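Quick notes on the structure that follows.
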Protein chains: 2
Amino acid sequence: MLKKERQEYILQQINRHNKVLSADLCTKLAVSEDTVRRDLHELAGDGKILKVHGGALSNTLYQDTQGEIYARQEKAIIAAKAVSLFEEGMYIMVGGGTTVREILKIVPRDLRLIFITVNLASATELLNYTNYEVILLGGKVSRHTRFCTGGDTIMNLADVRADLCILGTNAIDAEAGISDSDYESVQVKKAMIKSSERVAVVTISEKLGSVERFHISPMNGLDYLITELPPAHEALQDYAKSCEVL
Amino acid sequence: MLKKERQEYILQQINRHNKVLSADLCTKLAVSEDTVRRDLHELAGDGKILKVHGGALSNTLYQDTQGEIYARQEKAIIAAKAVSLFEEGMYIMVGGGTTVREILKIVPRDLRLIFITVNLASATELLNYTNYEVILLGGKVSRHTRFCTGGDTIMNLADVRADLCILGTNAIDAEAGISDSDYESVQVKKAMIKSSERVAVVTISEKLGSVERFHISPMNGLDYLITELPPAHEALQDYAKSCEVL
DNA sequence: AGAAAACCTGCACAAACCTGCATTTTTTAA
DNA sequence: TTAAAAAATGCAGGTTTGTGCAGGTTTTCT
């Protein structure tokens with residue numbers, strides 16, 4: 001059997017079943033595992049399949065859309081600070097938004113963590129990394145914000161208990177606390193806070209001092225505030241009274 | 001034997017078997033390996049065959065795998081048929097897989113539909129369209145398959161009732177019914193079937209007559225079988241006994 | 001935390017490959 | 001017809017490719 005033939009066969013199998021196991025292939029094709037591995041590696045190099053531990057997957061299934069992210073630099077700084085709160089074996093509740101997603105990208109891979117989320121994009125991002133378990137709390141999905149909302153979700157949230165919650169926010173003010181303009185998000189965020197031992201709010205400094213229509217939580221209901229500014233920055237002093245600024 | 005004759009013979013062999021080995025040819029034609037190699041090289045230069053290490057392949061096979069989604073055309077036909085089952089206000093349970101995704105892309109936008117799914121990619125796709133409500137049943141997310149699995153999901157599924165379930169499958173056989181190689185998928189698919197009034201299985205005809213490790217449902221547990229073939233096609237007659245073929 | 005499976009790296013060896021050259025066959029044209 | 005030119009073939013050599021195996025490492029699962 002020629003190499004190319006083998007690879008055609010593999011591609012066909014993947015297109016048909018969306019996945020193949022190295023072990024299966026190596027008995028079917030009667031070659032060593034190394035050869036199969038090399039074939040898969042090569043096909044993956046050409047972008048024809050997606051190589052994973054133990055076999056390969058169809059790459060047509062998992063193309064995720066990623067656009068430009070606003071204020072990437074600042075968000076990277078925030079991410080680094082947030083990650084310092086993570087510890088082995090933690091249950092971490094995460095929300096949505098690009099800031100949170102940046103954090104997820106740089107979480108140390110050697111920690112074993114369990115993430116709980118209601119957000120589709122966050123869940124998808126987390127699935128790219130091994131070592132994490134991902135629990136998605138279901139419910140009716142809000143089109144605009146792409147996360148689960150509604151009574152089901154709130155009830156599901158009530159049933160869990162996380163060690164830490166990483167919450168992005170659209171508006172934060174020393175007096176008014178955090179707020180949002182979307183009613184459904186607010187309900188979910190309140191429930192997330194309630195289900196978490198500690199809460200860290202992450203936001204770029206740009207949003208400091210803004211208030212939106214619906215109230216989520218006062219500052220003293222939160223444990224950490226994380227921005228890209230150094231903790232000593234004057235813009236943060238008002239917040240430092242009611243929670244720890246990182 | 002003339003050079004032209006040899007090359008003629010080689011082309012004939014390739015058209016018949018889709019491949020030739022240099023070694024075979026050189027004994028059959030009683031010439032040195034170098035000569036065979038040179039012939040193959042020449043034919044390949046004219047684009048008549050595809051030269052590979054150790055022999056040559058038919059070039060007709062090779063070029064069709066470049067499609068973005070495998071068998072997109074067939075899947076579009078399937079999608080059109082599936083959509084004919086949809087009615088205003090229906091609750092529709094959908095699985096994952098590219099076939100199902102193709103269907104979701106052409107669902108008429110003017111129907112108001114409520115979709116229920118455990119699959120992140122399907123949910124994300126559906127969110128692109130207004131007019132639909134999307135309910136995502138949560139649980140632990142399986143990394144490989146990117147949908148929710150485990151006891152939570154099964155229990156969530158038990159709590160809902162859909163009018164119609166659109167189920168992709170990796171393997172289907174008139175005797176053995178539908179099956180899959182992934183244990184977790186199987187559990188979820190079983191629950192999906194159980195929670196649905198009617199079930200439509202969608203698959204490209206290529207998969208007809210294949211069986212995988214784990215059994216999901218016999219054919220008579222399903223209501224519709226949808227392939228790209230016309231219902232009268234002989235390959236479908238065995239299936240027509242136990243369910244409606246579209 | 002420990003075992004099993006999958007992985008990678010380097011190595012060895014055979015098969016296939018290429019290059020250049022000598023030999024044979026075919027073609028061309030005087 | 002025959003000699004020169006051109007093409008085709010086979011061979012020697014050195015190179016590349018494909019494959020399997022040994023070993024040590026990483027990943028996964030429990």
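Nothing here was measured: the structure is a model prediction, and the numbers come from that model. First the proteins, then the strands, lettered A, B, ... as listed; each starts at 1.
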Worksheet item: Taking only side-chain nitrogens and oxygens of S32(B), does any of them come within less than 4.0 Å of OP1 or OP2 of dT9(D)?
Response: no
Discussion item. Between P on dT16(D) and NZ on K3(A), what's the gap in Å once rounded to a whole number?
Written reply: 16 Å
Fill in: Upstream residue (5' side of DNA chain D) when M1(A) and E42(B) are each assigned their closest nucleotide
E42(B)
Worksheet item: Closer to the 5' end of DNA chain C via nearest nucleotide, is it D34(A) or H53(A)?
Response: H53(A)
Fill in: Positive for salt bridge (Lys or Arg N to Asp or Glu O under 4.0 Å) with R112(A), one of E87(A), E133(A), E88(A)
E88(A)
Worksheet item: Nearest-Å distance, CG (L29(A)) to P (dG18(D))?
Response: 16 Å
Worksheet item: Can you tell me how far P of dA15(C) sits from CG of L25(B), to the nearest Å?
Response: 18 Å
Worksheet item: With sugar-phosphate meaning primed atoms plus P, OP1 and OP2, does V52(B) contact a base, only sugar-phosphate, or nothing at under 4.0 Å between heavy atoms?
Response: sugar-phosphate
Worksheet entry | Backbone of S181(B) reached by a side-chain donor or acceptor of N170(B) within 3.5 Å | no
Worksheet item: Just wondering, do M219(B) and I172(B) contact through their side chains at under 4.5 Å, heavy atoms?
Response: yes
Practice prompt. Return the 5'-most residue of the pair R112(A), L2(A) with respect to DNA chain D, ranking by each residue's nearest nucleotide.
Written response: L2(A)
Worksheet item: Whole Å only: how far is the CD atom of Q7(B) from the P atom of dA7(D)?
Response: 15 Å
Discussion item. With a 4.0 Å cutoff (strictly under), does any side-chain N or O of S22(A) reach OP1 or OP2 of dC7(C)?
Written reply: yes
Discussion item. Rounding to an integer number of Å, can you tell me how far D39(A) CG sits from dT17(D) C1'?
Written reply: 13 Å
Item to complete: Write down the distance between CZ (R38(A)) and C1' (dT17(D)), rounded to a whole number of angstrom.
Response: 11 Å
Worksheet item: To the nearest Å, how far apart are K140(B) NZ and dT30(D) C1'?
Response: 12 Å
Discussion item. Under 4.0 Å from OP1 or OP2 of dG10(D): is there any side-chain N or O of R37(B) that close?
Written reply: no
Fill in: Phosphate OP1/OP2 of dC17(C): any K51(B) side-chain N/O under 4.0 Å
yes
Worksheet item: Between the main-chain N or O of V94(B) and the side-chain N or O of N119(B), is there a donor-acceptor pair closer than 3.5 Å?
Response: no
Worksheet item: dT30(D) P sits how many Å from Y183(B) OH, rounded?
Response: 13 Å
Practice prompt. Before giving the answer on salt bridge (Lys or Arg N to Asp or Glu O under 4.0 Å), spell out for R198(A) and E244(A) the whole-Å C-alpha distance, their side-chain angles and the decisive distance to 0.1 Å.
Written response: CA-CA 11 Å; R198(A) 288 172 298 153; E244(A) 187 173 342; over 6 Å; no
Item to complete: Examine dT9(D): is either OP1 or OP2 under 4.0 Å from a nitrogen or oxygen in the side chain of R6(B)? Give yes or no.
Response: yes
Practice prompt. Could you work out which one of dT19(D), dG10(D), dC8(C) sits closest to the side chain of T35(A)?
Written response: dT19(D)
